[in-house]
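Quick note: residue numbers are just sequence positions, from 1.
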Amino acid sequence: ARWSWGRTYRAVQWVFEASHQRLVSLLNSPKAKTVSRRPENVVTMRTAPSQPVDDSPRPKLTGTGRIVNAARCSVAGLHTAFRDEAAFRQEIVLGCLTLPFLVVLPTPAFYKLAVLCTYCGVLIAELLNTAVEKVSDRISMELHPLAKQAKDTSSAAVFISIVALAIAWSFALAART
């Protein structure tokens with residue numbers, strides 16, 4: 001009953017294979033074939049791989065090279081969101097206008113931290129919303145109920161994060177010392 005990486009790996013592999021087999025059976029069902037429209041160039045797997053497949057043409061980076069590459073990709077994502085998404089720009093401007101008031105607001109540090117964290121949550125939700133919309137549009141520009149649900153759900157996450165920011169601001173303003 002001792003824990004080991006090998007047992008953990010085998011358990012995760014077993015769960016993956018079982019869920020993948022269920023997904024393949026659902027996709028191959030007659031009902032799924034009448035609903036889904038798969039492009040011809042998409043390769044589907046019939047069975048789960050027994051070993052992880054690494055068919056990436058790029059060499060795997062390790063150590064600081066991986067961290068630098070991840071930071072470079074993150075900055076590129078922020079740049080793209082700022083350039084292409086009006087909502088992200090509006091939220092950045094909102095933060096630039098309102099967050100400096102936190103410095104002069106006579107409120108306990110906890111409330112200032114809560115406002116700052118919820119503001120970061122708004123930006124994170126907006127970035128994820130943008131990612132869902134871009135991926136959905138990349139897959140198909142057709143109107144599909146599942147794509148609409150995905151976009152609406154990610155938009156709801158942004159709305160909830162903005163409501164949380166408003167609540168945090170109201171608590172910070174009410175708790176002035």
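- Under the 4.5 Å side-chain heavy-atom criterion for ILVMFWY residues, a single connected hydrophobic cluster contains both Leu99 and Leu123.
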Taking distance alone, no hydrogens or angles, what donor-acceptor pairs closer than 3.5 Å link side-chain atoms of residues 146-163 to residues at least two apart or in another chain?
unit_1	atom_1	unit_2	atom_2	d
Lys148	NZ	Asp152	OD2	2.5
Lys151	NZ	Asp137	OD1	2.6
Thr153	OG1	Gln149	O	2.6
Ser154	OG	Asn129	OD1	2.6
Ser154	OG	Ala150	O	3.2
Ser154	OG	Lys151	O	3.0
Ser161	OG	Ala157	O	3.4
Ser161	OG	Val158	O	2.7

Distance-only donor-acceptor pairs under 3.5 Å for side chains of residues 89-96, two or more places apart:
unit_1	atom_1	unit_2	atom_2	d
Arg89	NH1	Phe82	O	2.9
Arg89	NH1	Arg83	O	2.9

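- Rounding to the nearest 0.5 Å places CD of Glu133 at 12.0 Å from CG of Asp84.
- Between atom CH2 of residue Trp169 and atom CZ of residue Phe101 there is a gap of 8.0 Å, rounded to the nearest 0.5 Å.
- Under the 4.5 Å side-chain heavy-atom criterion for Ile, Leu, Val, Met, Phe, Trp and Tyr, Phe171 and Phe110 are members of the same hydrophobic cluster.
- Under the side chain to side chain contact (heavy atoms under 4.5 Å, CB included) criterion, Ala172 pairs with Leu105, Thr107, Tyr111, Val115, sequence neighbours left out.
- The hydrophobic clustering, which links ILVMFWY residues whose side-chain heavy atoms are closer than 4.5 Å, places Leu173 and Val122 together.
- In this view, Arg138 satisfies the side chain to side chain contact (heavy atoms under 4.5 Å, CB included) rule with no residue, not counting sequence neighbours.
- Partners of Ala81 according to the side chain to side chain contact (heavy atoms under 4.5 Å, CB included) rule, which considers only residues two or more places apart in sequence or in another chain, are Phe88, Leu127.
- Other members of the hydrophobic cluster containing Ile124, listed by chain and number, are Leu128; membership follows side-chain contacts under 4.5 Å among ILVMFWY residues, whether direct or relayed.
- Within 6.0 Å of CG in Leu97 there are more than 12 heavy atoms belonging to other residues, nucleotides or ligands.
- To the nearest 0.5 Å, atoms CD1 (Ile139) and NE2 (His144) are separated by 10.5 Å.
- Within the 4.5 Å cutoff, no side-chain heavy atoms of Leu116 are placed close to those of Lys112.
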